[in-house]
Structures are given as C-alpha cells and as structure tokens.
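Provided herewith is a single structure, encoded as structure tokens, for subsequent inquiry.
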2 protein chains.
Amino acid sequence: MNKSELKVISVLERVGGFASAQQLHQLLLRSGESIGLTSVYRALQSLVDDKIVDQLRKDDGEAIYRLCGEAHHHHLVCKSCGSTVEIEGSALEKWAKAMAEEHEYREVGHLAEVFGICPSC
Amino acid sequence: MNKSELKVISVLERVGGFASAQQLHQLLLRSGESIGLTSVYRALQSLVDDKIVDQLRKDDGEAIYRLCGEAHHHHLVCKSCGSTVEIEGSALEKWAKAMAEEHEYREVGHLAEVFGICPSC
DNA sequence: GCAGAAATGAAAATGATTTTCATTTCTGTG
DNA sequence: CACAGAAATGAAAATCATTTTCATTTCTGC
C-alpha cells in the first residue's frame, strides 16, 4: 500500500460513491494533494486487483470506481433511475465456471447484470 | 434501413450472441462483404437507437452488441474466433430471480454471457 | 551512507469510437 | 432518361480515456 493508493482511498471515502479516475484526480488536486493522473490510474488498478475498489462502466464506456470491501459481485440495476445494488454472485460464479469447464474453454470471464425496477421507482 | 444496417443485422444473426463492432467488421470482411468500419459503427448506433440491437460493455470498456428479441438463452463465446455455444442457464435464472426478490425489484430481466477461448483456438 | 528496488509523473503511445468531408449512390420528378 | 437534392459511404483525421515508457525521485534494508 503506497502513498498514491492511500490518497485515492481517502478521496473515495470522501466521495462516498462512484467517481471516474479523472474526477478523482481533479478532486485530489483541488484539495491540495500533489499527484499525477498516471498514479491515480495505477492506484485504482491495483486497488481493483486487490478487491478494495469496485470498478464498473458507464454507458459511454468510461470506468467508474467506488470503495467496496466485498469480493467479486454483480449488480442489480434499476431500469428507471439507474441506481445499483450489489448482489451476491457465488451461484453465478459456479455456474459460469461449470459451463466453461464442460465445454473446455480456457481464460474464462463472464458478464452478468440483473435489471428491474427498484422499490422506490 | 440501409445497406450497412442490413449487413450488420445479418452478421449478428449469424453470430447469434454478443460481438464487438470490430469483430463484426472482421466477420463481414471475411465473408466477402465490402463495408467500412465507420459504417459498422454507424449502423450499430442506429440499430441501438431503434432498439433492434442491445448494447453493453465488457469489463475493459469495449462495447458489445447483439440482436434484441432473440430467444432467451445464454452463450459461451470464444474471444478469439467468435464461435458460440448455447449453455444451460437454469441455475442462473434462479439466481437472478432470487436476487431481485431479495431487493424487491419488479419487472426483472437479466443479461449473462461467459467468455473464454474455445478448444480449437 | 549506499545500492538496489519501488514509486512517481510527464510525455508518448494505444485503441476503440466519433467526426469530418469529399465522393458515390439512391430517389423522386419531369 | 436526365438531373437535382438527399442520404449513405468510407478513408483519414480527431478524440478521449487509459496504458506504457522512461528518466527521475523516494524508500528500504544492510
């Protein structure tokens, strides 16, 4: 855990939700920290790898990040307001793995989202 | 509905699942069609606007597309050659339903694909 | 204190996607 | 058919988030 990662974690705590790498960089600069955009990306990458930060994609493809202590998981996305809830996905992981093994696929990844209308919409 | 859109629809039918714009372009060229990458992007954009095609994002931010309204099933997609295998998804269906109920979401649907490298690649 | 390792960031590279723009194809009309 | 305006096409350039490179700085253990 190096300096950049600590800075990024602290700004993510302050934000309390999703933010893009560029936004986080701006916020850090504005609050007086000295850090390069490169280091923000590197820190985020490493935090994502360590499963300290959760990364997903906006519709336009830009990555957004938030703190998340949990293991790999998926989202329940509201079709109406766009709010997301983390959901538990171990059943899904098992399924994806089993399917891939059954057909002898290598380097397997998966993609899953559940859509619906949230209670408040 | 112009020529490019027809070509893109026909290749999407052939693929039967998700594919990126670049993959679709390659497939079209390989099957003897003459079409520019620009036109593939333009056609996809317009088909997405018309809700004929679904667009989503892989983890790396690349957009992938598939025809809407295809019978509901899931695929194991080869990242390298694009070939697909239909896979059994009842475990997944149950999972999606359970997650949605747990969070009181209504009108639930889901998307799931498993990616990997097929045995022959 | 010092050598080697790790971290840093500016600048260049990358790669998907979008835009520009000149050219080609289509469409309807007389 | 001819012809004008509209739509479609695609090559090349532009865009933009992200990654890589690489020279420099900071750390670490001895």
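The structure displayed is predicted, hence computed values, not measured ones. Letters go in sequence order (proteins before strands), and every chain restarts at 1.
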Please say yes or no: joined through hydrophobic side-chain contacts below 4.5 Å, possibly via intermediate residues, are B:Ile35 and B:Leu37 part of one cluster?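 Per the 4.5 Å side-chain linkage, B:Ile35 and B:Leu37 are not co-clustered.
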Under 4.0 Å between any heavy atoms, over every strand shown, what does A:Ser46 touch: base, sugar-phosphate, or nothing? Just pick one.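 A:Ser46: no heavy atom of the nucleic acid under 4.0 Å.
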Rounded to the nearest 0.5 Å, what separation is found between the CE atom of A:Met1 and the CD1 atom of A:Ile9?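 Rounded to the nearest 0.5 Å, the CE-CD1 separation comes to 4.5 Å.
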Which part of the nucleic acid does B:Gln22 contact within heavy-atom distance under 4.0 Å: base, sugar-phosphate only, or nothing?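 Base: the residue B:Gln22, judged by heavy atoms under 4.0 Å, touches a nucleobase.
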Nearest-nucleotide 5' precedence on DNA chain D, A:Ser20 against A:Arg42: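 The 5'-side residue here is A:Ser20.
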Base-pairing assignment for D:dA23 (Watson-Crick or G-U wobble, both under 3.5 Å):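 Partner of D:dA23: C:dT8.
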Heavy-atom closest contact (A:Ala21 atom, A:Tyr65 atom, distance):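 For A:Ala21 versus A:Tyr65, the nearest heavy atoms are N-CE1, 3.9 Å.
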If you walk 5' to 3' along DNA chain C, what is the first nucleotide with an atom under 4.0 Å of a heavy atom in chain A, and what is the last?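 Contact boundaries, 5' end first: C:dA7 to C:dA11.
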Given D:dT19, is OP1 or OP2 found less than 4.0 Å from the side-chain N or O atoms of A:Tyr41?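 No, A:Tyr41 has no side-chain N/O under 4.0 Å of OP1/OP2 on D:dT19.
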Distance, rounded to the nearest Å, where A:Leu37 contributes CG and D:dT18 contributes C1':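 In whole Å, D:dT18 C1' lies 8 Å from A:Leu37 CG.
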Between A:Ser4 and B:Glu62, who's closer to the 5' end of DNA chain C by nearest nucleotide?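 Residue closer to the 5' terminus by nearest nucleotide: A:Ser4.
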Does the side chain of A:Glu93 come within less than 4.5 Å of A:His110's, by heavy atoms?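 They are in contact (side-chain heavy atoms under 4.5 Å apart), so the answer is yes.
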Strictly by salt bridge (charged side-chain N to carboxylate O under 4.0 Å, His left out), give each pair with a member in residues 32-47 of chain B just once, sequence neighbours left out.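 Matches after skipping sequence neighbours: B:Lys7-B:Glu33.
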Out of curiosity, B:Glu88 CD to B:His74 NE2, how far, rounded to the nearest 0.5 Å?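 B:Glu88 atom CD to B:His74 atom NE2 measures 9.5 Å (nearest 0.5 Å).
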Distance, rounded to the nearest Å, where A:Lys58 contributes NZ and D:dC16 contributes C1':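 Rounded to the whole Å, the gap is 12 Å.
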